[in-house]
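Scroll down for the structure; my scribbles are underneath it.
This chain uses plain numbering: 1 for the first residue, then up along the sequence.
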Amino acid sequence: MPQPGRPANSYRIGEAAALLGVSPDTVRRWIDAGRLAAERDEHGHRIVPGARLAAFARELARPENAAAAGLPSSARNRFRGIVTEVVLGDVAAQVEIQAGPFRVVSLISRESAEELGLEPGSPAVAVVKSTNVVVERG
């Protein structure tokens with residue numbers, strides 16, 4: 001439901017930042033630099049139209065942008081975070097990663113978890129491709 005004084009499917013800077021996984025200051029810098037288009041609502045607050053935000057989010061996620069960030073991979077969904085729990089079994093390991101507001105749990109081989117040195121506090125990246133979650137040491 002649209003908020004009074006604001007067009008439907010528009011986002012304030014803080015909301016846009018949360019959706020993009022960056023700080024509000026980063027969104028402000030992108031707007032000031034002309035990378036992300038914004039408008040002013042009737043109260044003078046900057047808002048980002050939803051269609052423009054969606055296009056910008058797609059641009060950020062483009063493969064060549066990921067590769068430029070040093071992440072060449074066929075997988076497109078990467079969650080950088082911190083390992084919060086590792087449960088080792090005889091053959092498998094359950095690895096839990098907190099990546100911002102997302103909790104990602106993966107079942108990998110015990111050998112892989114040990115080779116990666118995964119333990120609570122380790123940085124890690126959960127890579128989601130289809131229904132598979134791959135854990136990489138971050």
Which atom of L107 lies closest to which atom of A92, heavy atoms considered: CD1-CB, 3.8 Å
Side chains of I47 and R40, heavy atoms from C-beta outward: is any pair under 4.5 Å? no
Are the side chains of V27 and L36 in touch, meaning some heavy atoms are under 4.5 Å apart? yes
So which heavy atom on A113 is nearest to which on A93, and how close? CB-CB, 3.7 Å
Nearest 0.5 Å, what's the CD-OG distance between E115 and S109? 7.0 Å
With a sphere of 6.0 Å drawn around CD of E114, does it hold more than 12 non-hydrogen atoms of other residues, nucleotides or ligands? yes
Just how far is it from atom CZ of R52 to atom CG of N9, taken to the nearest 0.5 Å? 13.5 Å
Co-membership, hydrophobic cluster, residues F102 and V128, 4.5 Å side-chain: yes
Applying the side-chain hydrogen bond (donor to acceptor under 3.5 Å, both in side chains) criterion to R29, which one of D25, D32, T26 satisfies it? T26
Checking H45 against R12: is there a side-chain donor and acceptor pair closer than 3.5 Å? yes
Note: S122 and G117 closest approach over all heavy atoms is OG-O, 3.4 Å
Hey, quick one: are V22 and Y11 part of the same hydrophobic cluster, counting side-chain heavy atoms closer than 4.5 Å, chains of contacts allowed? yes
V127 vs E136, side-chain contact (heavy atoms from CB on, under 4.5 Å): CA-CA, chis, key distance, verdict: CA-CA 7 Å; V127 181; E136 298 174 343; 3.7 Å; yes
Taking the side chain as C-beta and beyond, is there a heavy-atom pair between P120 and T84 under 4.5 Å? no
How close do A17 and P24 get, heavy atom to heavy atom, and via which atoms? CB-N, 3.6 Å
Can a salt bridge be assigned to the pair E59 and R35 using a cut-off of 4.0 Å between side-chain N and carboxylate O? no
Taking atom OG of S10 and atom CG of D41, what is their separation to the nearest 0.5 Å? 7.5 Å
Output yes when E39 and R46 qualify as a salt bridge under the 4.0 Å nitrogen-oxygen rule, no when they do not. no
Going only through I, L, V, M, F, W and Y residues with side-chain contacts under 4.5 Å, is there a path from L118 to L88? yes
Kindly indicate whether the side chain of F79, heavy atoms from C-beta on, has any atom under 4.5 Å from the side chain of I97. no
Looking at A37 and P49, what are the two nearest heavy atoms and their distance? O-CD, 4.0 Å
Mind checking whether V105 and I108 sit in one hydrophobic cluster, side chains of I, L, V, M, F, W, Y counted as touching below 4.5 Å? no
Any side-chain heavy-atom pair from V91 and R110 closer than 4.5 angstrom? no
Close side-chain approach of V135 and V104, heavy atoms under 4.5 Å: no
Do W30 and L20 make a side-chain contact, defined as non-hydrogen atoms from C-beta onward lying under 4.5 Å apart? yes
